[in-house]
Amino acid sequence: MHEASEKTVPAQELLVTIGTGLLAGGISSVDVEDALTGLAPAVGLKSINVAALPKGLFLTIGPGSPTRFERIGPDLRFDQTAKLLDIVDAVRSRRLGIDAARHMIEAEVYGTPPRWPGWVTCLGAVPVGVGLCLLLEPGLVNLAFAALGSLIVAGVLAVNARHPSLGPLLPVASSFIVAVLILIGFRLDWLDSPLRTIVATLALLLPGSAVVTGLTEISAGALSAGSSRLVSATVQLAMFIAGVAGAAVVTGTGAEALANSQLTSSTWWLSALGVAAATLGLIIYLHTPLEHTVPIVLTIAAAALAQLGIGAEFGAAIGGLAGALTASVVAVVLSRLPKGPIWRISFVPAFLVVAPGSFGLLNASQIEFGDGAGVAGSMLAAATTFFTIAIGTVIGAAIAHTVEPKDEIVA
């Protein structure tokens, strides 16, 4: 029994290391469980029992053996996640042994520094904010305030990177500071339609990745993990709204100023420029692997075209459904190509463009500040928009799980 344990402990440790890394990279709990179960024979284990949760991983190698539990560490960058997936594929195909895999994970996943300095990563917020403002409210003054507000967001992200304990304050603090700045500009008659400018500026901080992963888990039957992620994302969204509400009170801004209205029409070339700028910012901020840039750009472009084209004809809710569904299908198709990225790496940036809060937060803010007669309509619009975007995401996740082998990672 002791000899068997000595042989199996390194394999168990490797699976735990891989599992916690995948969860830290935003991979859904269902995919992590399936991947580890598929990897077990490749590392010499006949069977394992594994339970993956958003914040921890349980793994045992058989009856009577000790259960290993490991908490999930800091989030991995997209490039780290992609490298970890390459190592997983090498272990699965038995091209990499246990010791070599552990050394590669330590050296090439956790030991590899970011491609660019942290301040460059944070500055990715600027092209995202300006690009989304080009889509939502492309007035010159609005764009200037979006750029200035995005610099504030970048500063808040930099402070949070140095002091992670301040993370819980990030949603309220960032939304309050940015909203105060923009609402002061509105009160001085420097800009109109402040709400859309606020939404564009704060969109990068919204919990898009958690929403995508949570909906993926629910579509695959992992109700506990998916529900917990969505509850967490909902709380973060509520904190953003609270920050905007506080800014409105401080600046004395009334409900009529926070209506969901676009005063400056966006032309096709402004929209294209906005999508390009937001894509560049997301690639910088998420540290997406350079070899996956083209699939990400294609997915975002397809989603944006579907959202803008169909949304202009049938409204924001149907446009959101079309954008999310298009992004899902394109991401699945690209994931099936040789060396194609997994579904999630292409889909998450597209999701952050299709639904960065320009639907959810925007309509939720209308509920917060709307007058009595419009509250019911605003609530219905917010619920309908979120529901249709969620439907598109769930359908895409279901398609991804259907076309991929059970032991491979799709999201």
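Just so you know, these numbers come straight off a predicted model, no measurement behind them.
- Leu181 is not listed as a side-chain neighbour of Thr201, based on a closest heavy-atom distance of 4.5 Å or more.
- Among pairs with a residue in residues 215-230, those fulfilling salt bridge (Lys or Arg N to Asp or Glu O under 4.0 Å) read Glu217-Arg229, at least two apart in sequence or across chains.
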Fill in: Residue pair Leu157, Tyr285: steps toward the side chain to side chain contact (heavy atoms under 4.5 Å, CB included) verdict
CA-CA 11 Å; Leu157 288 171; Tyr285 180 72; 3.7 Å; yes
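- Rounding to the nearest 0.5 angstrom, the gap separating the CG atom in Asp34 from the OG atom in Ser29 is 9.5 Å.
- In terms of heavy atoms, Ile72 sits closest to Pro54 at CG1-O, 3.7 Å.
- To the nearest 0.5 Å, atom CZ of residue Arg196 and atom CD1 of residue Ile198 are 12.5 Å apart.
- Residues Met104 and Leu96 form a side-chain contact, since some pair of their non-hydrogen atoms from C-beta on lies under 4.5 Å apart.
- Among all heavy-atom pairs drawn from Tyr110 and Gly21, the shortest one is OH-CA, 3.4 Å.
- Just one of Leu298, Thr299, Thr293, Ile300 meets the side chain to side chain contact (heavy atoms under 4.5 Å, CB included) condition when paired with Ile296; it is Ile300.
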Worksheet item: Passes side-chain hydrogen bond (donor to acceptor under 3.5 Å, both in side chains), Thr121 versus His287? Steps please.
Response: CA-CA 8 Å; Thr121 301; His287 288 268; 2.8 Å; yes
Worksheet entry | Worked check of side chain to side chain contact (heavy atoms under 4.5 Å, CB included) between Ile48 and Leu45 | CA-CA 7 Å; Ile48 63 170; Leu45 299 177; 3.9 Å; yes
Discussion item. Show, in sequence, the C-alpha distance, side-chain angles and deciding distance for Arg115 and Leu290, and conclude whether the side chain to side chain contact (heavy atoms under 4.5 Å, CB included) test is met.
Written reply: CA-CA 10 Å; Arg115 234 182 242 109; Leu290 296 180; 3.9 Å; yes
Worksheet item: Where do Asn49 and Thr60 land on the side-chain hydrogen bond (donor to acceptor under 3.5 Å, both in side chains) test, with the steps shown first?
Response: CA-CA 5 Å; Asn49 294 315; Thr60 181; 5.4 Å; no
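- A donor-acceptor pair is defined here as one N or O able to donate and one able to accept, closer than 3.5 Å; no such pair exists between the side chain of Glu137 and the backbone of Thr197.
- Proximity of Val275 to Leu305: side-chain heavy atoms (C-beta onward) are nowhere separated by under 4.5 Å.
- Leu57 is listed as a side-chain neighbour of Leu36, based on a closest heavy-atom distance under 4.5 Å.
- No more than 12 heavy atoms of other residues, nucleotides or ligands sit less than 6.0 Å from atom CD of Glu106.
- Shortest non-hydrogen contact noted between Pro168 and Met239 is O-CE, 3.1 Å.
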Item to complete: Might you work through the side chain to side chain contact (heavy atoms under 4.5 Å, CB included) test for Ile177 and Val180, ending with a clear yes or no?
Response: CA-CA 5 Å; Ile177 296 172; Val180 165; 5.9 Å; no
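- Among all heavy-atom pairs drawn from Ile284 and Val120, the shortest one is CG2-O, 3.4 Å.
- By the 4.5 Å heavy-atom criterion applied to side chains, Val250 and Phe176 are counted as neighbours.
- Here the CG-OG1 distance, from Leu195 to Thr253, works out to 11.0 Å after rounding to the nearest 0.5 Å.
- Arg77 contributes atom CZ, which lies 12.0 Å from atom CG of Leu286 (distance to the nearest 0.5 angstrom).
- When every heavy atom of Val30 is checked against every heavy atom of Ala222, the shortest pair comes out as CG2-CB, 3.3 Å.
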Discussion item. Could you walk me through whether Asp99 and Arg102 satisfy the salt bridge (charged side-chain N to carboxylate O under 4.0 Å, His left out) test, starting with their C-alpha distance in whole Å, then the side-chain angles of each, then the deciding distance to 0.1 Å, before giving a yes or no?
Written reply: CA-CA 5 Å; Asp99 291 337; Arg102 293 181 64 181; 5.2 Å; no
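- For the atom pair Arg68 CZ and Ile61 CD1, the distance stands at 11.0 Å (nearest 0.5 Å).
- By the 30° and 60° cut-offs, the orientation of the rings of Phe69 relative to Phe58 is tilted.
- The distance from the CG atom of Leu15 to the OG1 atom of Thr20 is 10.5 Å, given to the nearest 0.5 Å.
- The side-chain heavy atoms of Thr288 and Leu282, taken from C-beta on, include no pair separated by under 4.5 Å.
- Counting non-hydrogen atoms of neighbouring residues, nucleotides and ligands closer than 6.0 angstrom, the CH2 atom of Trp116 exceeds 12 such neighbours.
- Counting heavy atoms from C-beta on, the side chains of Ser174 and Phe240 come closer than 4.5 Å.
- You'll find the side chain of Asp31 stays beyond 4.5 Å of the side chain of Leu22, heavy atoms only.
- Here the side chain of Asp79 pairs no donor or acceptor atom with the backbone of Pro289 at under 3.5 angstrom.
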